[in-house]
2 protein chains.
Amino acid sequence: MEKQWRRSMPLLSMNIVMQLTGLTARQIRYYEEQELIEPARTEGKQRMFSLDDIDVLLEIKDLLKTGVNIAGIKQIFEMKNSSAASKAVKRVITDTELRAIVKEEMQLAHRQQRASLRQGDLSRFYR
Amino acid sequence: MEKQWRRSMPLLSMNIVMQLTGLTARQIRYYEEQELIEPARTEGKQRMFSLDDIDVLLEIKDLLKTGVNIAGIKQIFEMKNSSAASKAVKRVITDTELRAIVKEEMQLAHRQQRASLRQGDLSRFYR
DNA sequence: ACAATATGTCAGAAAAACTTACATGAATTT
DNA sequence: AAATTCATGTAAGTTTTTCTGACATATTGT
């Protein structure tokens with residue numbers, strides 16, 4: 001609970017993040033557009049990412065792979081944040097919404113043989 | 001003695017390194033020219049630095065501030081490397097050379113009131 | 001079939017970084 | 001004192017990287 005700020009320092013440029021995550025620039029920008037991440041910007045408006053951003057991007061990648069869509073990921077992240085803030089897990093997502101998400105998840109997880117672990121990217125290189 | 005490789009991954013661009021070290025691009029390129037560092041390159045020939053590089057740059061900055069010149073720094077680094085390689089500290093530097101360096105060091109350290117600790121840069125932000 | 005999603009691709013503009021060359025003040029050498 | 005060396009500044013022109021915006025498209029949901 002001390003040098004956590006280091007993980008939130010925006011040190012990484014687009015190119016590196018692409019390599020670390022195995023995502024394309026288009027994907028990364030799209031996730032930002034969808035407000036799943038909010039990278040810092042240089043004076044010249046270029047994106048600068050933190051290690052925390054990398055974490056989030058890898059999680060997005062995994063969730064998409066298992067079939068959750070952006071809307072679902074957004075909800076999941078909201079849940080995380082509210083519980084992480086240790087505020088008695090607010091009901092930001094209705095039960096039906098949650099069930100829909102989980103169902104969707106299960107379906108695709110079944111279809112695809114749950115080939116989960118990412119590879120071909122450099123994610124194994126950090127943390 | 002395990003995830004040390006992470007510190008050697010070239011993740012950082014010139015701009016960030018300038019901020020982290022408080023050095024100018026000119027200085028950083030000059031130190032490379034003098035073979036004190038050897039940053040990786042992207043396909044397009046842009047420099048990419050590792051955390052280890054940052055360490056070295058900060059050390060260069062400190063040593064220069066205390067009055068050691070590039071040649072001296074080069075020698076010091078050689079000593080470090082050979083002893084780090086735990087090869088019975090070879091005499092890569094003659095005694096007279098060493099004395100010259102130390103003398104030079106002492107003189108300048110005296111002149112300048114030994115205002116040592118760096119500030120104004122972001123070095124405190126990592127590690 | 002139609003609409004929505006997530007991503008690819010292209011084009012033009014802007015930002016960042018590169019190399020090379022010349023300038024310069026401080027320190028050192030001759 | 002003049003010349004030289006050292007470490008850094010600065011300018012110009014070029015290349016690389018990133019940006020935004022638009023349009024294309026395959027897959028999935030209704």
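Each chain gets a letter, A, B and so on, in the order its sequence line appears, and its residues count up from 1. Nothing here was measured: the structure is a model prediction, and the numbers come from that model.
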- [ ] Ignoring backbone atoms, test whether R26(A) places a side-chain nitrogen or oxygen under 4.0 Å from the OP1 or OP2 oxygen of dT9(C).
- [x] no

Open item on the list: Check the phosphate of dA15(C) against T42(A), side-chain N and O only, distance under 4.0 Å to OP1 or OP2. Yes or no?
Closed with: no

Open item on the list: Output the rounded distance in Å from CG (N69(A)) to P (dT28(D)).
Closed with: 13 Å

TODO: Measure from the side chain of M14(B), starting at C-beta and using heavy atoms only, and say which of dT8(D), dC19(D), dA17(C) lies closest.
DONE: dA17(C)

TODO: Please check if the side chain of K61(B) supplies one atom and the backbone of T21(B) the other of a donor-acceptor pair under 3.5 Å.
DONE: yes

Open item on the list: Quick check: on DNA chain C, is the nucleotide nearest Y31(A) upstream (toward 5') of the one nearest K45(A), or the reverse? Name the residue that is more 5'.
Closed with: Y31(A)

Task: K65(B) NZ - dT8(D) C1' separation (whole Å) - done: 16 Å

Open item on the list: Rounded to whole Å, please give me the gap between CD in Q34(B) and C1' in dA7(D).
Closed with: 9 Å

Task: Q19(A) CD to dT17(D) P, straight-line distance once rounded to whole Å - done: 10 Å

Task: Gap between atoms CD1 and P, on I28(B) and dG9(D) respectively (whole Å) - done: 11 Å

TODO: Measure from CG on N15(B) to P on dT18(D) and round the result to the nearest Å.
DONE: 12 Å

TODO: Give the rounded distance in Å between these two atoms: CD1 of I16(B) and P of dA16(C).
DONE: 11 Å

TODO: Test F49(A) against every option in I37(A), L11(A), I16(A) by the side-chain contact (heavy atoms from CB on, under 4.5 Å) rule and name the one that passes.
DONE: I37(A)

Open item on the list: If you compare every side-chain N and O of S13(A) against the phosphate oxygens of dA16(C) (OP1, OP2), does one of them come in below 4.0 Å?
Closed with: no

Task: Of T24(B) and G44(B), the one whose closest DNA chain D nucleotide lies more 5' - done: T24(B)

Task: N/O (side chain, R41(A)) to phosphate O (OP1/OP2, dT20(D)) under 4.0 Å - done: yes

TODO: Measure across V68(A) and I73(A) and return the closest heavy-atom pair with its distance rounded to 0.1 Å.
DONE: CG1-N, 3.6 Å

Open item on the list: If I take atom CD in residue Q46(B) and atom C1' in nucleotide dT17(D), what distance separates them, rounded to the nearest angstrom?
Closed with: 6 Å

Open item on the list: Please find the pair of heavy atoms, one from T66(A) and one from L63(A), that lie closest to each other, and give the distance.
Closed with: OG1-O, 2.8 Å

Open item on the list: Between Y30(A) and dA6(C), is there a contact of a side-chain N or O with OP1 or OP2 at under 4.0 Å?
Closed with: yes

TODO: Identify whether any heavy atom of R29(B) sits under 4.0 Å from a base atom; if not, whether one sits that close to sugar-phosphate; answer base, sugar-phosphate or nothing.
DONE: base

Task: Contact summary for R7(A) and D55(A), nearest pair of heavy atoms - done: NH2-OD2, 2.6 Å

